[in-house]
Amino acid sequence: KQEVTQIPAALSVPEGENLVLNCSFTDSAIYNLQWFRQDPGKGLTSLLLIQSSQREQTSGRLNASLDKSSGRSTLYIAASQPGDSATYLCATLSSGSARQLTFGSGTQLTVLP
Amino acid sequence: DTGVSQNPRHKITKRGQNVTFRCDPISEHNRLYWYRQTLGQGPEFLTYFQNEAQLEKSRLLSDRFSAERPKGSFSTLEIQRTEQGDSAMYLCASSLVDDEQYFGPGTRLTVT
């Protein structure tokens, strides 16, 4: 059974800082990995999707990397802004017959002005 | 707006009552997923459909839960005889096969 872990659970940084969020997973047989953002009481917004054959994806100030063999992904946020404050979730899609996303518990990010 | 929509956004019900939620996916998406999220946790998979066929159900989906997607378009999730432990955010997502999943705003259920 896939297990996804995100460390740290919470992070507080001053505005303008570059930061890295970590995600690890136990089963490397994944089809893809997605990073999401969730604002309090809201649904999930997809940020980046990395296919299992890819090593990274970039969108604006966000860069996500994937090392499938070691079961790790990182989300890099450059020049953080207060509007980046949210919970960031990573999720893996199994490459087996069970087509479901398995989520970590998230990292709650606060960017201080 | 062509995103995933869910109704209602909030539902308060008394223990023992039945509730039904609706999800309208992105129109060209053939897969539809239901997840449940409790406070401080990531979403947990409940079930998914490919077109009108329900292909997988989680062990979390007790026999009080039933989901349908009658014409391969919108889906409903019904909870019978609600319990306080059913209080959670119910999230719907849709995708093309094995592609990026797009989530709706969720339905927050409170069972009193």
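Within every chain, numbering begins at 1; the chains are lettered A, B, ... in the order of the sequence lines, protein sequences first and strands thereafter. Predicted model, so just to flag it, every value in this text is computed and none were measured.
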Heavy atoms from other residues, nucleotides or ligands near CD1 of B:I12 exceed 12 (cutoff 6.0 Å): no
Region of A:L89 in contact with chain B, defined by heavy-atom distances below 4.5 Å: side chain
hydrophobic_cluster_shared for A:I7 and A:Y88, side chain cutoff 4.5 Å: no
Connected via hydrophobic side-chain network under 4.5 Å: A:Y31 and B:Y48: yes
Which atoms of A:Q108 approach chain B - backbone, side chain, both or neither, heavy atom under 4.5 Å: neither
CD (B:E68) with more than 12 external heavy atoms under 6.0 Å: no
Side-chain donor-acceptor pair present, A:Q34, B:Q101, cut-off under 3.5 Å: no
Enclosure of B:R15 CZ (heavy-atom neighbours >12, cutoff 6.0 Å): no
Step-by-step side-chain contact (heavy atoms from CB on, under 4.5 Å) determination, A:L101 to B:F103: CA-CA 12 Å; A:L101 285 175; B:F103 280 75; 4.3 Å; yes
Within one Ile-Leu-Val-Met-Phe-Trp-Tyr cluster: A:L21 and A:V4, side-chain cutoff 4.5 Å: yes
Co-membership, hydrophobic cluster, residues A:W35 and A:V13, 4.5 Å side-chain: yes
In one Ile/Leu/Val/Met/Phe/Trp/Tyr side-chain cluster, 4.5 Å: A:L11, A:L75: yes
Within residues 77-91 of chain B, residues adjacent to chain A where the heavy-atom gap is under 4.5 Å: B:M89, B:L91
Side chain, backbone, both or neither of B:Q6 within contact of chain A (heavy atoms, under 4.5 Å): neither
Contacts of residues 39-70 of chain A with chain B (heavy atom under 4.5 Å): A:G41, A:K42, A:G43, A:L44, A:S46, A:L49
Ring centroid separation B:Y35 to A:F103 under 6.0 Å: yes
